[in-house]
Amino acid sequence: MDLGAITKYSALHAKPNGLILQYGTAGFRTKAEHLDHVMFRMGLLAVLRSKQTKSTIGVMVTASHNPEEDNGVKLVDPLGEMLAPSWEEHATYLANAEEQDMQRVLIDISEKEAVNLQQDAFVVIGRDTRPSSEKLSQSVIDGVTVLGGQFHDYGLLTTPQLHYMVYCRNTGGRYGKATIEGYYQKLSKAFVELTKQASCSGDEYRSLKVDCANGIGALKLREMEHYFSQGLSVQLFNDGSKGKLNHLCGADFVKSHQKPPQGMEIKSNERCCSFDGDADRIVYYYHDADGHFHLIDGDKIATLISSFLKELLVEIGESLNIGVVQTAYANGSSTRYLEEVMKVPVYCTKTGVKHLHHKAQEFDIGVYFEANGHGTALFSTAVEMKIKQSAEQLEDKKRKAAKMLENIIDLFNQVADRRVISTTNAERQAVTPPGLQEAINDLVKKYKLSRAFVRPSGTEDVVRVYAEADSQESADHLAHEVSLAVFQLAGGIGERPQPGYKAAETTHNISNAFGPGTANEHTVP
């Protein structure tokens, strides 16, 4: 490790005085102008992680659903997963180190993790379409090269594409080719084959309106479109030609406001969906014949996928361990429907894809989706092999069911200090500040079939307030009252939360078994 060179380059990416950042549920995020030093240092850290694991590590420059002026960065571990928790601590330690402490911190991390500094290192880099992303990506490259790491800059990518590239490189190409074309070929082939065997209500030729949040999803979906040469017509909206990233559009907007994005007119029963800024969230929606808006959020997606998978497993005669993983902020009625009607076990974790992903890995087939549209279905290696064998060996009906399973495997309020609120029990109970949980408990008792939680956001300087009740009106009132309690007991700044904000309705209608729930967000410290 050339400490002199590191010191020299670090001075070119100097840390602003007094700035402290935390590696959250999806990396670092803040205003883009404050991130240059973080990007450089994450390039350094990626090299150390690559040397330690003897694997390719990914670095994605994006702030996902945040406003265009923000940016962020996250590291991707060898199997396309989120960074290991112990290395998240190293990331925070390194990002916040003062310039004079940089050498000591790097040596400390290397010694704690027994990093062989003579080991080769390789890092792959991707970025979204934010104006700041290209320059910040170069800062990552500076960090990689000064530690002697090799790199491949993929340029503009969606976040799922970068995860794919990392996984492909670390499995010797067995999962797929680590190229954009390889990604398009693998997913489009699975999609086309899957839809060939699925019944289609109404028109035989499927059409889909896609809100791309004025982000990277528009560029990549347009490239991929011709791979769906049969069976799917895609119409893009908010494609980046005008409008700001994530402004009045995107998955987060649609989920929060319970209405279509700006710039998209919807006729009754048209199929529509929205990405977020880096295309790792998706929600679906439509207007019925009466013009009512219906959202198919992550809770519904998880329910539909797990129900479908269970039916296919029954059809081919396989008894496998299937489980659904949710957070405390999932619609409570979706949980009841899965457990009581579908007889699928449901498990709860802390908020954040990394927590759901690790829990889902405990099952033969694990399905997880956050309500915001982050999620997937995971299949164990043993299950993948069994299903691929079944697809060739069973009689026609069972073979088709097994083939479908095989294809699915291939697819798939501003605050002064949000940390004043801490939680336990998978984020369903507030530990601090004192008295907050008791206040929430008293408010919940006022409404039928109600629950409420609060938690500090892992990606933004806000505290998230979740409320659920037997009607939209009751849920709105409960959300507002809980927000007031947070404001009062946690030392709120600015204006008090005002009534009248329509909370995000997450009513589920599958077999009339789901009830309403809401999610809300207010400005509290």
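Note: hydrogens, waters and symmetry copies are ignored here, and every other heavy atom, side chains too, is used. What you see is a predicted model; the values in this text were computed from it and never measured.
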All ring pair (Phe, Tyr, Trp, His ring centres under 6.0 Å) counterparts of [X], not counting sequence neighbours:
{"X": "Tyr447", "answer": "none"}
{"X": "Tyr167", "answer": "Tyr175"}
{"X": "Phe308", "answer": "none"}
{"X": "His477", "answer": "none"}

Holding to side-chain contact (heavy atoms from CB on, under 4.5 Å), I want the full list of residues that pass it with [X], two or more places apart in sequence or in another chain.
{"X": "Asp280", "result": "Ser64, Lys74, Thr159, Pro160, Asp276, Asp278, His374"}
{"X": "Arg169", "result": "Thr56, Phe122, Val124, His152, Tyr154, Ala178"}
{"X": "Ile282", "result": "Cys273, Phe275, Tyr284"}

Notebook entry, point to check: By side-chain hydrogen bond (donor to acceptor under 3.5 Å, both in side chains), which residues pair with Ser474, not counting sequence neighbours?
Noted result: Ser471
Checklist line | Residues forming a salt bridge (charged side-chain N to carboxylate O under 4.0 Å, His left out) with Lys189, sequence neighbours excluded | finding: none
How would you list all residue pairs meeting salt bridge (charged side-chain N to carboxylate O under 4.0 Å, His left out) that involve [range], not counting sequence neighbours?
{"range": "residues 357-371", "answer": "Lys359-Glu362"}
{"range": "residues 310-328", "answer": "Glu318-Lys386"}
{"range": "residues 212-221", "answer": "Lys220-Glu223"}

